[in-house]
Each structure stands twice: as C-alpha cells, then as structure tokens.
Amino acid sequence: MSRPLGGAAAGVALVLLAVLAGTVAQRATDPPTTVAAAADVVPTGHTTTVAVTAKDMRYHPDTITVPPGDRLIIELTNGDERRHDLVLANGARTGTVERHATARLDAGVIGATVQGWCSLPAHRQAGMTLTIVTGTGAHMAAEEHGTEPVRDATAPPTPAERTHRVDLHVKEVRVEVAPGVRQLMWTYDGTVPGPVLRGRVGDVFEVTLTNDGTMDHGVDFHAGALAPDRPMRPIDPGESLTYRFTATKAGIWMYHCSTMPMLHHIGNGMYGAVIIDPPDLAKVDHEYVLVQSELYAGPDGEVGDLAKMQAEQPDAVMFNGYPDRYAHRPLTATAGDRVRIWVLDAGPNRSSSFHVVGAQFDTVYLEGRRVLGPDDPGGAQVLQLGPASGGYVEAVLPESGHYPFVSHSMVDAERGARGVIEVSPSS
C-alpha cells in the first residue's frame, strides 16, 4: 500500500504562507510524555535528541534513524496554521501542540522500527506519518525545507541562432523524487523533466539522441511534424540517432520517450518541454516554466510502479519533477511586475487546472492560440490543460506578499502540485 507523499488539508494559501513565515516557536504547556525502555535491546545510556517540525501537513524529517539502544527525545515544533500532535505506536505521545508551539516527547529506548502519526481527524490519512528506525552511525538533522534538489524554473532565453544542435543523452539514475524516497528514473540528461529547449517559428532542431541506459529508449518531439518511423524508433543501449525537424508552429510542446509501453517510460521520468515563441511574444519582467507530472513510486531505489500508472493512482503530482518543490523555494517577482508562466501538462494521466491564488490572468495562450489579451475586458482564473497540452498565462502581481500557485484539482494540489511566488515590495 502506498502512502500519500505530501498531503495538505483545506486552506492551501494559509498553509503555504505558514511554511514561509518563519515564526519563532513558543513552548507548549503540555508536559512531556515518557515510555518504558524497550525490553529487547540493551540500553546504551545515550540519548539522541531530534528536532522535528510539523509543517504543511507533514513531519520534517519524516524518518528518524537512531542508534539501537539509545533513548530518543523528539522536540516537535508545530509550524502549521492548525493544531497537531505526535502519537507513537509504542504508546508515547505529545498532547495537542498549538500553532507555532513546541512539545517534548520522550520516545523511550529504541530497539526496533516505531511508527508515528498525527491523531487529529484525517491528518494521518493525509500523509502525516513518521517512522523511527535503528541504525549505527546515524546522522540526525532537522531539515528546515526538506532535501529536494533545486531546479530553476526560469525560462531559458530564446537563442539568436536559427539552427539548434542539441546532444541529448538517455541516463538511468537513482534520484530523490520526494522526501526520503529514491527511485531509479529514466531521464533525458539526468533530470526530471528533461532540459527545456527553445526557439522560434522556422528554426531547425538537430537533436542527437544517445542511449546511455541499459534498455531501449527513444524520443518523440511534438514540436516537429514528420513521419515517426525513423526518428522516433527505439534505439538500443550505446546507439545514437539524429532527429531533425523544423518548428513550424508556436506553443509549448511536449517531448517524451517513444518506446512502448509509453505509459511506463513517461511515468518514470522521460519527458520535457520545447518552447516555440509566437512571433508577437512581448517581453515581460519574469518568465517561468512549470511542467506538471505524476509520481508513481515503486520499491525504494527501483523504477516506478506500472500497475499504479495503469490504475491512475499517483503517489504525488508535482511541478518540475518534485512535489511541493516551489513551496519552500519560491519563484520571485517584484510588486507591479508582469509575470509569464509557461505550463505543460506532461501527465501521463492527470489534467491540470493551473491557478495563482490572489492573481487574475489578463493573458491566456492555450495550445497555439491567444484566447485572452490585456486589452480584453475579461480575465481568467485558470489555465485548463489535459495531458500533453500546454500554454502560458500572464498576470501583473499588484502588491508584495506570497502568491501560492496550484493545480486547482485540489486532490492534486494536496499531492504536491503547488508552490509560491514571493513578491517583494517595489523600490
């Protein structure tokens, strides 16, 4: 059974603001709870103390490694805008921890794996769980913002040259795909999603694909129109092919592995975006690219679970390859800036309803067509996309503050399809 990776309850805006607020915790009045020493382990006489933060409906960290026989003390700080607690399967528990308060829990001597959870209604089901495991030479540290890799969402500039020669390598790499979760991902150039390519209508792309993996892979560029027989054929490990196409239509286009079953190859990381600028694309103050996709976690360190993909049961939905990535490392702008956000729904299964909380879109470009412009009297609240479709939206963010963005399919926002734009005051 899979557990949710990064759930959040109602009030996404408040949750994300709490993540960024950095308020100083106060001590809770609840007395610490203690338990008897584990009977099947020899106590070392040492005490391990770990700081855990309850934030965004998760515990950070959500896995604690303790040398066997050590007594474990957990200092739980509630960084959320709602109350939480921590209950352990060995009987130890905090009282209810109020917002921005801290409680101390004595978990006792640890001799085996111990599960923990928040006992408030639906919090455990939403993914608020914690695991204590034993190990030697353990390194315990509370990460303020998790350990996800950084990926800059800034759109690449449009190159001046009109012929783009690209070397693209298939790489099969083990990477962290969610806090504490590692998967063997099939990738282009070692990242999920693959690199963003960019050009203009009329540009020529010559892509040399080299398969550095252990199985056959290929590529399909939606930005080109040509018979798929040769350029999209799967190639064996060690082989290369050259894929040449001319970009004749504007838009944000998906590319992905062309090897069957495509569901497994796309669902396990083999996708990316190509931006072909519309001829009248204006300059803006900030331009970002977000690729929405899903995570179907398999066994730790192995490939994604095809059965979950077929059943449409994602463990997470995410922007740019990691759930909640920009909740902790926000996109940035200044009050009054015009911001353009390109969005591609790579799927492979879920639609997207892209929304920025507190903003109204005055420009919407959907699948090669501008459907709303700044001079129109109306506005838009979402960019609605199905799998393999894309477009962009623009908004002027009027004042400083934190503007959460989500897929407004709220179950997917709670699965991790969310982030924040942090807007600074204008000078």
Side-chain angles (χ1 to χ4, degrees), residues 147-159 161 163-178 181-199 203-224 231-245 247 252-259 262 264-276 287-295 301-304 318-323 325-326 329 342-348 388 390:
T147 58
E148 69 267 27
V150 175
R151 181 177 177 118
D152 188 358
T154 302
T158 305
E161 61 269 17
T163 298
H164 309 279
R165 294 180 174 87
V166 180
D167 288 321
L168 203 59
H169 288 257
V170 172
K171 297 182 179 180
E172 299 170 5
V173 296
R174 283 184 174 84
V175 295
E176 184 183 79
V177 293
V181 180
R182 293 182 64 81
Q183 293 282 273
L184 177 60
M185 303 299 287
W186 304 331
T187 75
Y188 294 109
D189 282 4
T191 66
V192 179
V196 177
L197 308 182
R198 191 163 192 175
D203 285 6
V204 174
F205 287 78
E206 290 185 357
V207 181
T208 299
L209 177 70
T210 300
N211 186 354
D212 294 332
T214 62
M215 57 183 295
D216 58 330
H217 293 289
V219 67
D220 173 2
F221 282 96
H222 292 192
M232 301 181 200
R233 72 184 187 277
I235 58 175
D236 290 331
E239 291 187 342
S240 298
L241 65 75
T242 298
Y243 192 132
R244 180 186 174 96
F245 65 90
I252 180 169
W253 303 87
M254 183 175 175
Y255 67 89
H256 61 86
C257 188
S258 55
T259 300
M262 281 191 218
H264 202 194
H265 286 250
I266 297 172
N268 202 55
M270 299 198 76
Y271 54 86
V274 180
I275 296 173
I276 304 301
E287 192 174 24
Y288 294 110
V289 183
L290 299 174
V291 180
Q292 181 178 310
S293 62
E294 301 130 41
L295 172 67
E302 301 301 323
V303 299
M318 51 204 177
F319 292 119
N320 290 351
Y322 199 99
R325 180 186 292 279
Y326 303 110
R329 295 180 174 89
W342 293 88
V343 186
L344 173 70
D345 181 4

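Counting from 1, the numbers follow the sequence of the chain as shown. Quick caveat: nothing in here was measured; it's all calculated off a predicted structure.
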Check [X] against [Y] and note the closest heavy-atom contact, atom names and distance.
X      : Y      : answer
Met232 : Ser258 : O-OG, 2.5 Å
Ile276 : Ala247 : CD1-CB, 3.6 Å
Gly272 : Leu344 : O-CD2, 3.5 Å
Pro193 : Gly321 : CD-N, 3.9 Å
Tyr326 : Asn320 : OH-ND2, 2.9 Å
Val177 : Gln183 : CG2-CG, 3.5 Å

With [X] via side-chain hydrogen bond (donor to acceptor under 3.5 Å, both in side chains) - residues at least two apart:
X      : answer
Arg165 : Glu206
Thr163 : none
Tyr271 : Ser293
Thr214 : Glu172

How about [X] and [Y]: do any of their side-chain heavy atoms sit closer than 4.5 Å?
X      : Y      : answer
Arg325 : Phe319 : no
Leu209 : Val170 : yes
Val166 : Leu197 : yes

Any donor-acceptor pair under 3.5 Å from [X] side chain to [Y] backbone:
X      : Y      : result
Asp167 : Thr210 : no
Asp345 : Ala388 : no
Thr187 : Lys171 : yes
Tyr188 : Cys257 : yes

Side-chain H-bond candidate by donor/acceptor type, Asp212 with His169, under 3.5 Å: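 Judged by distance alone, the side chains do pair up.
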Asp152 and Thr154 side chains, donor-acceptor separation under 3.5 Å: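 Yes, a side-chain donor-acceptor pair sits under 3.5 Å.
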Side chain to side chain contact (heavy atoms under 4.5 Å, CB included) partners of Pro159, counting only residues at least two apart: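 Listed in chain order: Glu161, His164, Arg198.
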Residues forming a side chain to side chain contact (heavy atoms under 4.5 Å, CB included) with Val303, sequence neighbours excluded: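 Side chain to side chain contact (heavy atoms under 4.5 Å, CB included) list for Val303, sorted by chain: Leu184, Trp186, His264, Asn268.
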What's the spacing between [X] [atom1] and [Y] [atom2] if we round to 0.5 Å?
X      : Y      : atom1 : atom2 : value
Met270 : His265 : CE    : NE2   : 7.5 Å
Arg174 : Met185 : CZ    : CE    : 12.5 Å
Asp236 : His217 : CG    : NE2   : 10.5 Å
Asn211 : Ile235 : CG    : CD1   : 5.0 Å

Criterion side chain to side chain contact (heavy atoms under 4.5 Å, CB included) on Val291 and Arg151, from CA distance to verdict: CA-CA 12 Å; Val291 180; Arg151 181 177 177 118; over 6 Å; no
Stepwise side chain to side chain contact (heavy atoms under 4.5 Å, CB included) test for Ile275 and Val289: CA-CA 9 Å; Ile275 296 173; Val289 183; 3.7 Å; yes
Phe221-Tyr243 aromatic ring centre distance below 6.0 Å: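 Judged by ring-centre distance (under 6.0 Å), Phe221 and Tyr243 do meet the cut-off.
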